[in-house]
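The structure appears below as structure tokens.
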Amino acid sequence: MAYNKATERCKSVTSRREFIVASAPAGLAATVLATQKPLGNVHRGARDKCYGMVIDLRRCIGCHACSVACKSEFNVPLGVWRSWVKITEDGKYPNVRRTFLPKLCNNCRKTPCISVCPTGASHYDEHGVSSINQNKCIGCGLCVGACPYKMRFVNPEKRIAEKCTLCMHRVAKGVAPACVNTCVGRARVFGDFNDPESEVSSLVRTNKTATLRPQLGTKPQVYYIGDFDE
Amino acid sequence: MIALYFFFGGLAGGGFLLSFWAGYGKENSGHLARASAQITPIALIIGLLLLVFHLGHPFRFWLTLTTFRPSSVISWGTWVLTLFMIVSTVYAFLWRINKGGSAKVLGWLGVPLALFTSIYTGLLLMQLSGSPLWDSALLPWIFLVGGLVSAAAVSVLVLTLTGHEPAEPFFGLKRYICALVILELVMVGSELVALYTGSAESARVANMLLIGRFSVWFVGLQIIVGSVLPLGLLILAGAFRSRILPVLVSVLLLIGVLTVRFVVVFAGRISL
């Protein structure tokens, strides 16, 4: 299958540009661009980035493709998730309604999870993304309880805290996070909020958006368009 | 495992405070000070082992000593607990070799450490905003009072079983225990009121405790068996001087204190 081959090739190269240049004669570039969503000028590896996501709930069909893509990207063990879709059922038959709420790390600007970490394993990495140093984590589980969005878990196999990393290993190579890449309705849009030209910035400018539990003052960087029940 | 650590940590802190208090008390409270001083380092070492081995990577524990992060309660706790371990061991040793005088002086250094050790267990949970049951400013103080009650109960148990005559009812601890148990009930009551008047999520937790899946543990074991029953026995059977009563009351109190820890940990984790 051309799709799978292209995906694998893309993972093994160092940068999208290099890869495209190298594979252009083979005529694969178009396939790659079609399967791996390019990010344009999003990543420069600097601290002035503010990565996050805009999720258009009107476009989410609750297919869970994002949850599956995330599981396979990180080999997430059974029973735990880095990203998932919360389903809420409202009303009484026959007037019922299902709402979908895709969830991922909110990459908060004021993080309860980082401040409780005793070893500094939880930190902001060089991309300005809240992340976990696997070698420093002692597995105390305090950050799991501290996150008001329940985004963290203790990996039952590695016995350390884990969570969504906004796919920084992919973003650094210029491709979109796994969940964004696979989203059929294009409900998930990833980008840099500090870049006024980015798609996420323009979506936030032109739509009414909301974040999860804004009253906590954590400054989440995942914005939702449309109604949701927490 | 972590609930047991909360129990032993509270017992250690409470034991030291009780010993310090008894050391400055009347002449005949020396044996109480000595007994509770011995309890402290034993409880603390059990607690610390439980604390370290509940970690995902127990052998990375030293990282908490090499990195100091002021915003993390564990960072403070590791140092205070290490210091308290040293101080309480020396303190217990001084009582053992009958140097009560110098032990009392050392006690002044140990009291703040003991206070911190007792409330630390609650502080750990208090900073976790994910669960309404844990995210409460009262929790460290409920744990402190529980620690003092458990220390008194274990001391009474040890003294009674090693053949000391309960000269005064329960070695003069009766009123002390009564006051603490009432204080604990009041704090638990106000915690419930705070949960019910809080968000829908916290009201759900309060319901879970009172009438839901934790009601047997919370209402039955913690409130009735662990607090109201021993309190009633203490008040009604004041002049009772047999050995059975102190043992029975102590065991009931210990069941109560242990249940508080388990209920807080498990109910909090479910609401997480």
Side-chain angles (χ1 to χ4, degrees), chain A residues 77 79-81 86 88 90 103 105-106 108 110-124 130 132-163 212-220 229-230, chain B residues 1-3 5 50-82 120-136 139 198-202 204 264-272:
Chain A
V80 284
W81 286 268
K86 185 186 172 190
T88 317
D90 279 332
K103 292 206 172 182
C105 173
N106 282 261
C108 303
K110 239 182 136 277
T111 46
C113 55
I114 290 182
S115 60
V116 298
C117 179
T119 63
S122 286
H123 65 291
Y124 284 116
S130 150
I132 303 163
N133 182 335
Q134 297 211 349
N135 298 320
K136 271 189 169 180
C137 179
I138 59 172
C140 68
L142 221 53
C143 56
V144 176
C147 175
Y149 306 107
K150 296 154 197 179
M151 287 311 311
R152 291 180 170 229
F153 55 89
V154 174
N155 185 316
E157 287 160 14
K158 299 184 194 160
R159 291 175 291 126
I160 55 168
E162 278 192 348
K163 68 171 190 73
L212 299 178
R213 304 181 80 176
Q215 72 274 22
L216 298 175
T218 51
K219 298 183 183 164
D229 258 343
E230 269 188 58
Chain B
M1 201 150 153
I2 195 67
Y5 156 69
L50 287 166
L51 180 60
V52 168
F53 282 95
H54 107 280
L55 295 176
H57 286 267
F59 300 105
R60 287 188 191 166
F61 153 77
W62 56 271
L63 278 170
T64 56
L65 291 166
T66 55
T67 24
F68 182 69
R69 292 174 51 83
S71 64
S72 169
V73 175
I74 293 192
S75 248
W76 293 91
T78 319
W79 281 103
V80 173
L81 258 59
T82 310
Y120 171 58
T121 52
L123 282 178
L124 278 177
L125 294 180
M126 189 186 94
Q127 59 171 355
L128 306 181
S129 48
S131 159
L133 189 60
W134 292 346
D135 188 19
S136 150
L139 200 58
S199 64
E201 200 185 353
S202 63
R204 201 160 49 234
V264 166
V265 169
F266 288 106
R269 191 174 289 168
I270 283 172
S271 58
L272 195 65

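Just so it is clear: chains get the letters A, B, ... in the order the sequence lines come, proteins before strands, and each one is counted from 1. All values reported here derive from a predicted model rather than from experimental measurement. Quick note: numbers below take in every heavy atom, side chains included, and nothing from hydrogens, waters or symmetry partners.
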Find the distance between CG (B/L128) and CG (A/L142) and round it off to the nearest 0.5 Å. 4.5 Å
Part of A/V116 lying under 4.5 Å from any heavy atom of chain B: both
Heavy-atom pair of closest approach, residues B/S71 and A/S115: OG-O, 2.8 Å
Which bit of A/I114 is near chain B, if near means a heavy-atom gap under 4.5 Å: side chain, backbone, both or neither? both
Counting heavy-atom pairs under 4.5 Å to chain B, which of A/C113, A/P112, A/C140, A/C117 comes out on top? A/C117
Separation between CH2 of B/W62 and CD1 of A/I138, rounded to the nearest 0.5 Å: 11.0 Å
Against chain A, work out which of B/L63, B/I2, B/V73 has the most heavy-atom pairs shorter than 4.5 Å and name it. B/L63
Closest-packed option against chain B by number of heavy-atom pairs under 4.5 Å, given A/C143, A/A121, A/C137: A/C137
Under a 4.5 Å heavy-atom cut-off, does chain A meet the side chain of B/L124, its backbone, both or neither? both
Check for a donor-acceptor pair, side chain of A/R159 on one end and backbone N or O of B/G56 on the other, with a separation under 3.5 Å. yes
So, the side chain of B/H57 versus the backbone of A/K158: is there a donor-acceptor pair under 3.5 Å, distance only? yes
So, for B/T64 and A/P118, which heavy atoms are closest and what is the spacing to 0.1 Å? CG2-CB, 4.0 Å
